[in-house]
Amino acid sequence: MGRFFETLKRVVKRESKEGKGGMKKIAILSIVAVGAISTAGFATFAWITVTTKSPKINAVAGDLNVFVKKVSALKYVYPYYKNTTEFINYDGAGVVKKIVTEDANYSDRNTSTDNVVITLGEEVSHTYQSSGTGTVNNIVYSAEETFKYYLIGDAVFTGEDASTVWSCDHAIAMSNTNAVSTTVCSSVSNVVIPVGAEFSLFDTNKITDSSHANYLTYSSLDSETSRFEITENNTIKCLKTGIYTISYYSDRIEINLYSRNDEAIIGSNILDPTMINLEYYGQADKTLYPTIVDYVPTAVQSQNTMVILDVELAYKNVSEIRAGLNIMRLYNTAGVDYNDGTANLTGYVDEAHRNALRASDFYAYHSLFTATPFDSASAAWTALHKKTNAVDDESVAYFDKFSGEGYTTTCNLRTKEDGDSLIIPPMTADLSTYNPLNDTRVYHCYVAIDYDHTHANYFLHAGRLGKTYMIDRDFGLYFTGTQVLES
């Protein structure tokens, strides 16, 4: 029986249905639901109902002298099985991807038109190679693949390091391999495209020999206020992060906004309490973990549910200030009674009977501050992906969380390394002409968000297993700069 559940959980075909408000429903054995960075484009898919009722998670410059320059989400992404865009291999080796969700460099662009049609121009012959690192005019393509159409792009598009750029090995494949025409298309939905990403469409039918192919060109867009633009390098650049459907016809590419809500862009991978039970009673070391409660922190970490927000900050200050971070939520009322074994045993039924819980009750937060960012998304993940009951050498907990009531919890903002400081020195630029976008003093605050082990125990109750629970995001990040006064 245990092996049956393992197979059911590990080999899952995505089945999405867009309904009212862009809601997607995914059927599965047992799930605790939150929004996820989970799309076909990034090799994972939510098994859950994505709620549109929770607020956008904002990284707010709480004080006037703090500016948010860019926000990126770092997420562990599981692979698909080879030659499929539908079956996710949860036993496979995934990668950590970085998705830019907000970028102040593009904030002044008018992107009010959600959908765009890009007319194709004359094709141009370029080279391609079977391995290595690609370029916009010399992509990487292996004939071993069975797909015909790919969306390929730069490091912002792939969310990985430079070695993955312009490669079909790190591309978004379209599952429909039939020939396209002016009336028949091949398309892919639920694609997260980050702001600033450059990409192109590669049609393998246009390969002319073992090292050359005709590349598509883009002649015009049907809107000047589109979320996309055509670059001088003959690529398509995204000006606003979103979840899109891309359709390829023989004479055009249509890009339609699938969802503007960030629940499916910023969020945790799903937490599966049933799998925690199966793993604990089937294989966990009972000497090391005498009870299942002792095992939960390890189980949460092993499911790679953590999401890390990389927030780039600038400070406008004429005197020293101290950087700070608070997590703020919408409601001050008491949350869940975690010891109540009789309440909330129904879970999600439908939109009229959501029985939703608030996310701030179930998450914990760990943050690092630095003037020298991590070299890669995977390096940041390795540094922050800790068990939520972890403590430092002085037995101080890494993670902060809400307890009971209260609008705000203050994060213990730690420095990344010995050379870092929370004290921001006075700026040297002219205060009257200061522009945070031009400030070379860029600080990074990494905020790891994961299911708290104590709160996750709530879903291990026998009456809640096998149920779907929705969690409405109700919190945001609030950055502060406090003036340092001389004693």
Answer yes or no: is there a donor N or O on one side and an acceptor on the other, between the side chain of Tyr258 and the main chain of Ser189, under 3.5 Å? no
For the residue pair Asn256 and Thr245, confirm or rule out a side-chain donor-acceptor distance under 3.5 Å. no
Between the side chains of Thr291 and Asp294, is a donor N or O closer than 3.5 angstrom to an acceptor N or O? yes
May I ask you to decide whether Lys69 forms a salt bridge with Asp439, counting only side-chain N to carboxylate O separations under 4.0 Å? no
The residue among Val140, Asp154, Thr133 that forms side chain to side chain contact (heavy atoms under 4.5 Å, CB included) with Trp166 is Asp154
Over-ring placement of Lys286 relative to Tyr295, 6.0 Å and 45° cut-offs: no
Show the atom names and distances, to 0.1 Å, of all donor-acceptor pairs under 3.5 Å that link a side chain in residues 395-406 to residues at least two apart or in another chain.
{"residue": "Asp400", "atom": "OD2", "partner": "Asn412", "partner atom": "N", "Å": "2.9"}
{"residue": "Lys401", "atom": "NZ", "partner": "Asp452", "partner atom": "OD1", "Å": "3.2"}
{"residue": "Lys401", "atom": "NZ", "partner": "Asp452", "partner atom": "OD2", "Å": "3.2"}

Would you call the rings of Phe362 and Tyr458 parallel, tilted or perpendicular, where under 30° means parallel and over 60° means perpendicular? tilted
Verdict with supporting geometry, Ile236 and Leu201, side-chain contact (heavy atoms from CB on, under 4.5 Å): CA-CA 9 Å; Ile236 303 169; Leu201 194 146; over 6 Å; no
In this structure, is the centre-to-centre distance between the rings of Tyr443 and Tyr315 below 6.0 Å? yes
Heavy-atom side-chain contact between Leu357 and Phe459 under 4.5 Å: yes
Classify the ring geometry of Tyr446 against His444: parallel below 30°, tilted from 30° to 60°, perpendicular beyond 60°. parallel
Hey, does the side chain of Lys70 reach the backbone of Val68 with a donor-acceptor pair shorter than 3.5 angstrom? no
Under 3.5 Å, is there a donor-acceptor pair linking the side chains of Ser360 and Asp474? yes
For Tyr469 and Asn344: C-alpha separation, side-chain torsions, deciding distance, then whether side-chain hydrogen bond (donor to acceptor under 3.5 Å, both in side chains) applies. CA-CA 10 Å; Tyr469 284 89; Asn344 200 8; 4.7 Å; no
Quick one: list whatever passes ring-ring contact (aromatic ring centres under 6.0 Å, His included) with His453, sequence neighbours left out. none
